Amino acid sequence: MRFEDLSSTAEATNWRGRSGRYYALQPLPVEHFALDGEGLYLLARGADVLWVGTEAEVVGDAARRAAFRTALRVANAAFRIDPPQGEVDRMTMAWDLENAEPAAAARLA
């Protein structure tokens with residue numbers, strides 16, 4: 001979901017990636033968080049991104065699974081993002097979100 005689509009989803013939270021691109025993230029209840037499907041997920045503690053990834057990465061990669069478990073122990077926020085269709089675009093989006101910040105915390109240049 002892109003920033004332009006924010007008006008259609010009142011629940012979305014706007015974050016800005018390291019590239020400056022805005023993303024509308026769907027908040028999930030962290031106390032009942034579970035990976036479900038092909039979405040891209042973000043775990044955070046406050047404004048600090050702890051982990052970004054997919055269910056397939058957690059299942060298929062031991063290092064990503066360990067990072068996910070560590071992040072899940074201390075996260076106080078969880079979000080889902082609809083990833084783009086292509087694998088390269090999905091990896092680029094994950095990279096961009098790894099250093100994202102909530103739009104309210106974004107500094108104006």
Side-chain angles (χ1 to χ4, degrees):
M1 180 172 292
R2 294 194 167 196
F3 177 68
E4 296 80 25
D5 300 328
L6 194 57
S7 61
S8 65
T9 53
E11 295 180 23
T13 301
N14 194 24
W15 286 55
R16 185 177 73 176
R18 70 172 87 187
S19 69
R21 179 179 170 189
Y22 287 89
Y23 297 91
L25 282 59
Q26 296 298 316
L28 301 170
V30 72
E31 60 276 356
H32 303 293
F33 176 74
L35 296 169
D36 182 23
E38 297 182 17
L40 186 63
Y41 296 90
L42 184 147
L43 294 174
R45 180 156 189 88
D48 297 325
V49 175
L50 304 172
W51 179 85
V52 178
T54 64
E55 179 181 32
E57 291 170 344
V58 170
V59 170
D61 184 326
R64 297 289 294 163
R65 186 169 41 255
F68 169 75
R69 282 193 299 239
T70 299
L72 193 55
R73 279 194 291 269
V74 297
N76 62 8
F79 302 92
R80 183 179 189 285
I81 309 104
D82 291 327
Q85 297 298 322
E87 182 64 16
V88 172
D89 289 339
R90 188 209 53 78
M91 290 187 319
T92 302
M93 182 184 282
W95 172 86
D96 198 24
L97 286 166
E98 285 174 353
N99 284 335
E101 60 185 355
R107 293 180 293 302
L108 297 175

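Below, each value reflects all heavy atoms present in this structure, side chains not excepted, and no hydrogens, waters or symmetry copies. Nothing here was measured: the structure is a model prediction, and the numbers come from that model.
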Using salt bridge (Lys or Arg N to Asp or Glu O under 4.0 Å) as the criterion, list what pairs up with Arg64, not counting sequence neighbours.
Glu57
Go through the structure and list residues passing salt bridge (Lys or Arg N to Asp or Glu O under 4.0 Å) with Glu31, not counting sequence neighbours.
none
With a 4.5 Å cut-off on side-chain heavy-atom distances among I, L, V, M, F, W and Y, is there a chain of contacts connecting Tyr41 to Ile81?
no
Fellow cluster residues of Met91, listed by chain then number, with links counted only when side-chain atoms sit under 4.5 Å apart:
none
Specify the closest pair of heavy atoms between Leu40 and Arg90, including all atoms of both residues, with the distance to one decimal.
CD1-NH1, 4.1 Å
If you draw a 6.0 Å radius around CD in Glu87, do more than 12 non-hydrogen atoms from other residues or ligands fall strictly inside?
yes
Val49, Leu25: one ILVMFWY side-chain cluster at the under-4.5 Å cut-off?
yes
Taking all non-hydrogen atoms of both residues, which atom of Asn14 and which atom of Tyr22 are closest, and how far apart?
ND2-CD2, 3.4 Å
Looking only at non-hydrogen atoms, find the nearest pair between Val58 and Arg65 and report the distance.
O-NH1, 2.7 Å
Per the ring pair (Phe, Tyr, Trp, His ring centres under 6.0 Å) rule, what does the pair list look like for residues 82-103, sequence neighbours excluded?
none
Check side-chain contact (heavy atoms from CB on, under 4.5 Å) between Ala78 and all other residues, then give those that pass, not counting sequence neighbours.
Leu28, Val30, Phe33, Leu43
Just to verify, what does Arg69 make a salt bridge (Lys or Arg N to Asp or Glu O under 4.0 Å) with, not counting sequence neighbours?
none
Which pairs count as side-chain hydrogen bond (donor to acceptor under 3.5 Å, both in side chains) when at least one residue sits in residues 45-54, sequence neighbours excluded?
none
Ser19 meets the side-chain contact (heavy atoms from CB on, under 4.5 Å) criterion, sequence neighbours left out, with Arg21, Asp96
CA sep, side-chain torsions, deciding dist, call: Asp82, Arg80, side-chain contact (heavy atoms from CB on, under 4.5 Å):
CA-CA 7 Å; Asp82 291 327; Arg80 183 179 189 285; 2.4 Å; yes
Is Leu72 reachable from Leu42 through a run of I, L, V, M, F, W or Y residues, each pair having side-chain heavy atoms under 4.5 Å apart?
no
Connected to Val74, directly or through other members, by ILVMFWY side-chain contacts below 4.5 Å are Leu50
Taken in chain and number order and not counting sequence neighbours, the residues that satisfy salt bridge (Lys or Arg N to Asp or Glu O under 4.0 Å) with Glu55 are none
Rounded to the nearest 0.5 Å, how far apart are CG of Leu97 and OH of Tyr23?
5.0 Å
Would Phe79 and Trp15 count as a side-chain contact (heavy atoms from CB on, under 4.5 Å) here? Give the steps.
CA-CA 11 Å; Phe79 302 92; Trp15 286 55; 3.8 Å; yes
Please answer whether the main-chain N or O of Ala100 pairs with a side-chain N or O of Arg18 as donor and acceptor at a distance below 3.5 Å.
no
